[in-house]
Amino acid sequence: MEERYEPAVVEKAAQQFWNSARSFAAQEDAARDKYYCLSMFPYPSGRCHMGHVRNYTIGDVLSRFMRMNGRNVLQPMGWDAFGLPAENAAMANHVPPAKWTRDNIAYMRMQLQSLGLAIDWSRELATCDPSYYRWNQWLFLRMLESGVAYRRTGVVNWDPVDQTVLANEQVIDGRGWRTGALVEKREIPMYYLNITRYGDELLEALDGLPGWPERVKTMQANWIGRSTGCEIAFPHADDTRAALASGAGTTGGTLKVFTTRADTLFGATFMAVAAEHPIALAAGARDPALQGFIDECRRGSTMEADVATMEKKGRPTGLHVLHPFTGRKLPVWVANYVLMGYGEGAVMGVPAHDERDFAFASQHGLPIETVVRSKTGAYESVVAPWIDAYGERGITVNSGEFDGLEFEPAVDAIAAALERRGLGRKRIQFRLRDWGISRQRYWGCPIPLIHCASCGVVPVPDAQLPVVLPEDLVPDGSGNPLARSAAFLDCACPRCGSPARRETDTMDTFVDSSWYFLRFASADSTEAMIDARADYWLPVDQYIGGIEHAILHLLYSRFWTRVMRDLGLTKVTEPFSNLLTQGMVLNDIFYSQPAEGRRVFYNPADVDSEEVDGQKRWFHEDSSGKRTPIVHDGLGTMSKSKNNGVDPQSLVEKYGADTARLFMMFTAPPEQSLEWSDDGVLGSYRFIRRLWTAVHAHVAAGGPVPRAAVAGCVGALNGLQKTLRRAAHQTLAKVTDDIGRRRTFNTAIAAVMELLNAVGRFEDRSPAGRAVVQEALEIAVMGLSPMIPHVTHVLWRELGHAVALIDEPWRAADAGALLQDEVVMVVQVNGKLRGEIRVAVDADEATVRSAALANADVQRFVAGGTPRKIVVVPRKLVNVVV
RNA sequence: GCCGACGUGGUGGAAUUGGUAGACACACUAGCUUGAGGGGCUAGCGCCGUAAGGCGUGGGAGUUCGAGUCUCCCCGUCGGCACCA
C-alpha cells in the first residue's frame, strides 16, 4: 500500500472499476425492492457550481447507501436543456443556442463524472433532443383533444423598442433590460393547461405525502389557495348601462365580484375594477383623463410582487352600480391593484374591514362604514379619524336583516338571500390559475399546430411528429427567429393541403421538466412516451432538489403525472414519494449599472473593496487598472445570471472529488441554506489523509486482520478493547441512522471523525487490540463510503477484502458490543448543573435520588434546605428543586 | 405586500422526544519535531472574573422543576410569488 494519499490515482482506479464492472447500470428486477433516487436535473448553464455538487452528492450518498442495503437502485441524469440563457448567450456570442447548449452539456457531464457519481449514464437524456420533446408535442395534442389544453388570451411584457416579449427576469424597474424602454402589457393569444381542474385533487393529495416536508406541503396548499366565498352581482345603475350600451357593446346588467367576506357586503362603499375591465374601457372612451390613467395602468409590471408593493392608485369612472340589498348607488373606480387576470377583474371595496380598501378609501375620501364588531368587545362605533381597518371575523352590525350573526351564519344567510334574487351564490375559488405554456421564444419545444387560412388552427398529425426545431438559427433580441425562418414556417395544411404556416410559439420549459422522471424509466423507447418499465421504477422513491422548486416545478409535475394517468399512460398518481429540499448555496452578488444598457454582474472573486470614510466600497479593477464602482446586492443563490457561481473544478483538481464531496456534506445539513466559503476544505482533505494514514499504519504493522480472527476474539476483550469496540459499533449505528433516517450527513461524518480520533489514541498492538482496530477501521471506511466512495474503495481492498466495497452489504451494529454497565448522570440544583454521579445502568429511582443527594457538590448548593421536589430523567439527569 | 423557512463562540455547525449549550471541524495562540513551501504532534480556545461564581443560543415577553427547542410580539437574512430555471 502507498504511504501517501494521492487523490488523482485513487479516483481514477475507483472510477475505472465501477465503469468496467458496470456497477451502476440499473436493470428491472421484479424480485428485488427498487429504489429510484433522483436529483433534479440541471440546466446546462456552462459550468457546475457548488449548488450542483451539493445536490448530486446528496443523491449519490443515498443511492450508494441504499444499494449497499440491498435495494435495486436507479440513479439517472439528464439535462433541462431548453431555455432563455441559451438565447442570451447566442446574442452575445453569435452562436446558435443548440451548439452552446450541447457544448455546455459535454463539459458539465465531464464535471459530474469526475465527482464519481453512481449514475446510470445509459439513460441520459436532454430535453432539447427531438426524441424527447416529440412526446411533449404528442401529449399536448392529447390534452387539446381532452380539453385540458385550450386557447385564450394572456398578458405579456412587451418591449416597444425591440418589438419583443420579455420574460419577467428581463424587466428591471419597469424597463426592458436591453433597451431601457418602459415595458407595456400586451394581450396575445396563448395556450393554457387546465390545472385548476385538478386543484382539489392536488390539494387533498398532499395529506397522502408523509415523505414530503411540511413546509413544502404548506406552501403548495397556500399556492392552490382553495377558498369558499360568494360570487356577488351588483346590478348596473342607469349611467353604467347607458355607457356600456353605447361603448364596448357589453350587456349583462351586473358587475360581478368574488369575495370571501360576504358578511361585510353592507360595508361596501365603492367598487374597484381593473384597467382592462369593460366598464373601465367604456368610461375611458368618454373621459380622456381616465383614458390616460388606463394607459398608465397598461404600463408597468405583470409580476405579483410588484403589483402588491406599488403605490395604490385609482380614478373614478363616474359610473355606478347598485347594492344588491339596499339599492344604494356605489361609485365604480378603476384601480391599478385590481388585475383582469384574477377572479372577475373587479372587487367590492369595504374600507372598514379590509386593509387595502381602507388605504384606498382614506386616500380618496370614500366613506368608511362599520358592519362587523369584535365578538368580545362592545359595539365599536368608529368615527373619523380612522386608525385602521378591522379585518377580523366578528358579529355583523348595520346589516339590516342580517345583524347579529357570526361569520359563517352571516355568509350563509347573505348567500342564500342573494341566490333567491338571482344576484349571487356560494362558490369555491382557487388562487391557483391555469398554466400558460406559450412562449414567444425560439429555444424551446415547438407547439405542434398549423395555421391555415381556411381551416383555422389545425393540430399536426401524430405521424408527422416531432415538429423539429431548426438548430441553426441565432436570435438577435428582436422577436422570435422562427417567425423569420421560411424553412420552419412554410408547410401544408394537414386538413386541406393548401399552403399554411406553423405556430412559432414554443412551450414553457416547465413542460419539459414535468415528466422527465418518467422518461428515465424508458429512455430508449421510440414507440411510446413511456412503457411498462415505468411501472416498475415509478414513483421516484427519493427526489432531491433546491427549495426554490417547492411550488412551481413540483406542482406542475404532480399535475402532469395526473394527466398522464387519466390518459392511461401510467398507474402512478404522485410522482415523488419522498422529497428532500436542499438548501440554497449562497454567494455575494455584485453588479455595476452603466448609465445606459444592462447591468453587468461580477463574480465575487473579481471584486475588491476599500474603506472610504468608514464606508465599505466595492470596485472591479480590470487589467489596465481601470476601476469600476460596484453595487453589493446582498446574498443570493449561485447562478449563471448573477455570475456568482463557484466552479468546483479547481477544488477537484487540487484535493480530489472526495474532498469536494466530503466538504459539502460536512459543512451543513442538507436542508439548510449555506453561505459559501471554502474555509474548512483543507480540514476535509486532512481528515481523508488521516484516514488513509491510519489504515496504512495498521496494515503496515502486520497486515489486515481477517474477519474470522476478529470474530474469534470478541468474547475475550479487556476493558479498553471493549470500550473501543463499543465506540465503533455506536458509530456504525449512528451513521446508519443519520444517513438512512435523519439525512444529516454532517453528523454522520463527525461521528466517524470521533471514532478515528479514538483509534488514534488506542495503542494496544496485541492480536486482540489489532483485531478491534481492524473492525473500527472497517466501520469508518464503510460508514464514509457513501460520501467519499473513491478513497474508501481503495482502502477497503487494503483492509484485506476481495469483494469491492460498493458490492458489500451494509453492516449492522452488534447489539452486544453496545451494552454498558454504568452511566454518568448529571445533577442539577434548581435547574443549574452542579455535579455528576455514576450509577448502574439499571439503578432504580430511589438509588439515583440518594446518590444525587449524597453528592458533595449537590450538598453544597442544597445547603441544608429541604428538597421540594426531585425530578429524575432515567439515565440522564436529576434535578433537585429546593 | 403575501406565502414558507432560518437566526447558537472569531467561523461552519452539534444538541434526534422540553433535560449537561458549544460535539465535530475551521481559524487563532503557545509549545514540540534540524524535513522551511497549506507537513506532523501536544495543549489552550463562548463572555466577565484571580477564584468562588455569574452571564450566555437575533431582541422583548410568556409557559415549565427545567426552554436553543413550545407560545406571542418585534428585528434581520434567505427562498417563492405564475415568462430565470
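Hydrogens, waters and symmetry mates are skipped; everything else that's a heavy atom, side chains included, is used.
Straight-line distance from the CG atom of A/Leu432 to the C1' atom of B/rG80: 15 Å, rounded to whole Å. Summarising the geometry, the separation between CG on A/Asn55 and C1' on B/rA85 is reported as 13 Å, rounded to the nearest angstrom. What separates CZ of A/Phe430 from P of B/rA82 is a distance of 20 Å, to the nearest Å. B/rG1 atom C1' lies 14 Å from atom CE of A/Met303, rounded to whole Å. Atom CD1 in A/Ile870 sits about 16 Å away from atom C1' in B/rG19, given to the nearest Å. At whole-Å resolution of the value, CG in A/Leu166 and C1' in B/rC84 are 13 Å apart. Summarising the geometry, the separation between CG on A/Leu691 and C1' on B/rC24 is reported as 15 Å, rounded to the nearest angstrom. A straight line from CD of A/Gln828 to P of B/rG18 spans 17 Å, rounded to a whole angstrom.
Within the nucleic acid shown, A/Ser438 comes within 4.0 Å of at least one base atom, counting heavy atoms only. Across all strands shown, A/Asn757 has heavy atoms under 4.0 Å from sugar-phosphate atoms exclusively, and none from any base. Contact annotation for A/Ala305: base contact, defined as any heavy-atom pair under 4.0 Å involving a base atom. Among the heavy atoms of the strands lying under 4.0 Å from A/Leu586 are primed sugar atoms or P, OP1, OP2 only; no base atom is included. Counting non-hydrogen atoms under 4.0 angstrom, A/Glu671 reaches nothing in the nucleic acid. Note on A/Gly583: nothing from the nucleic acid sits closer than 4.0 angstrom, heavy atoms only. As judged by a 4.0 angstrom heavy-atom cut-off over every strand, A/Lys734 is placed among the base-contacting residues. Using a 4.0 Å heavy-atom criterion, one finds that A/Leu552 contacts the bases of the nucleic acid, with or without backbone contacts as well. Base engagement by A/His549 is indicated by at least one non-hydrogen atom pair under 4.0 Å involving a base atom. At the heavy-atom level, A/Val826 lies under 4.0 Å from base atoms of the strands shown. At the heavy-atom level, A/Glu304 lies under 4.0 Å from base atoms of the strands shown.
Remark: A/Arg689 is not positioned above the aromatic ring of A/Tyr5, lacking an NZ or CZ atom under 6.0 angstrom from the ring centre and at most 45 degrees off the axis. In this structure, A/Arg431 satisfies the cation-pi test against A/Trp223, with its NZ or CZ atom closer than 6.0 Å to the six-membered ring centre and inside 45 degrees of the ring normal.
Rounded to the nearest Å, the gap between the C1' atom of B/rG59 and that of B/rC65 is 27 Å. Rounded to a whole angstrom, the distance from the C1' atom of B/rU20 to that of B/rA14 is 14 Å. B/rG31 and B/rC70: their P atoms are spaced 46 Å apart (whole Å). Atom P of B/rC55 sits at a distance of 12 Å from the matching atom of B/rA21, rounded to the whole Å. Look at the P atom in both B/rU57 and B/rC3: the space between them is 29 Å, to the nearest Å. The separation of B/rC28 from B/rU11, taken at their P atoms, amounts to 15 Å, rounded to a whole angstrom. Going from the P atom of B/rC72 to that of B/rU77 covers 23 Å, rounded to whole Å. The P atoms of B/rC47 and B/rU29 are separated by 15 Å, rounded to the nearest whole Å.
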(request) Go along nucleotides 3-13 of chain B 5' to 3' and tag each nucleotide: B for a protein heavy atom under 4.0 Å from its base, S when only backbone or sugar atoms are that close, - otherwise. (result) SSS------BS
(message) Walk along nucleotides 35-54 of chain B from 5' to 3' and tag each nucleotide B, S or - by protein heavy-atom contact under 4.0 Å, base first, then sugar-phosphate.
(response) ---BSSS-----------SS
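Helical stems of RNA chain B (runs of at least 3 Watson-Crick or G-U pairs, donor-acceptor distances under 3.5 Å) are listed by first residue: B:1-7 with B:75-81, B:10-12 with B:24-26, B:28-33 with B:39-44, B:46-48 with B:53-55, B:58-62 with B:70-74.
Contact between the side-chain N/O atoms of A/Asn168 and the OP1/OP2 oxygens of B/rC81 is not found at any separation under 4.0 Å. Distances shorter than 4.0 Å separate none of the side-chain N or O atoms of A/Thr744 from OP1 or OP2 on B/rU16.
The distance from the CG atom of A/Asn879 to the CD1 atom of A/Ile870 is 9.5 Å, given to the nearest 0.5 Å. Summarising the geometry, atom CH2 belonging to A/Trp212 is positioned 5.0 Å from atom CD belonging to A/Gln220; distances are rounded to the nearest 0.5 Å. In this structure, OG in A/Ser557 is found 10.0 Å from NE2 in A/His549, a value given to the nearest 0.5 Å. From A/Ser438, atom OG reaches atom CD1 of A/Ile447 across 4.0 Å, with rounding to the nearest 0.5 Å.
With sequence neighbours excluded, the residues forming a side chain to side chain contact (heavy atoms under 4.5 Å, CB included) with A/Thr127 are A/Phe41, A/Asp80, A/Ala81, A/Phe82, A/Tyr132, A/Asp512, listed by chain and number. Here A/Val53 pairs with A/Met50, A/Thr57, A/Leu115, A/Pro648, A/Met664 under the side chain to side chain contact (heavy atoms under 4.5 Å, CB included) rule; sequence neighbours left out.
Mapped onto RNA chain B by nearest heavy atom, A/Tyr556 and A/Glu548 fall at different nucleotides, with A/Glu548 at the one closer to the 5' end.
No side-chain heavy atom of A/Leu482 sits under 4.5 Å from any side-chain heavy atom of A/Trp443.
For the salt bridge (Lys or Arg N to Asp or Glu O under 4.0 Å) condition, the pairs that include at least one residue of residues 730-739 of chain A, sequence neighbours left out, are A/Lys734-A/Asp738, A/Asp737-A/Arg741, A/Asp738-A/Arg742.
Glycosidic conformation of B/rG9 is syn; the angle stays within 90° of 0.
Shown here for A/Ala776 and A/Val759, the closest heavy-atom pair between the two residues is CB-CG2, 3.8 Å. Minimum interatomic distance between A/Met219 and A/Ala550 (heavy atoms only, all atoms of both residues): CE-CB, 3.8 Å.
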(request) Might you work through the side chain to side chain contact (heavy atoms under 4.5 Å, CB included) test for A/Ile224 and A/Leu202, ending with a clear yes or no? (result) CA-CA 8 Å; A/Ile224 295 168; A/Leu202 289 167; 3.9 Å; yes
(message) Test ring pair (Phe, Tyr, Trp, His ring centres under 6.0 Å) on A/Tyr556 and A/Trp435; report intermediate values, then the result.
(response) CA-CA 9 Å; A/Tyr556 290 147; A/Trp435 175 13; 3.8 Å; yes
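The aromatic ring centres of A/Phe360 and A/Tyr337 sit less than 6.0 Å apart.
When distances run from any side-chain atom of A/Pro85 to the nucleotides B/rA85, B/rC81, B/rC24, the shortest one goes to B/rA85.
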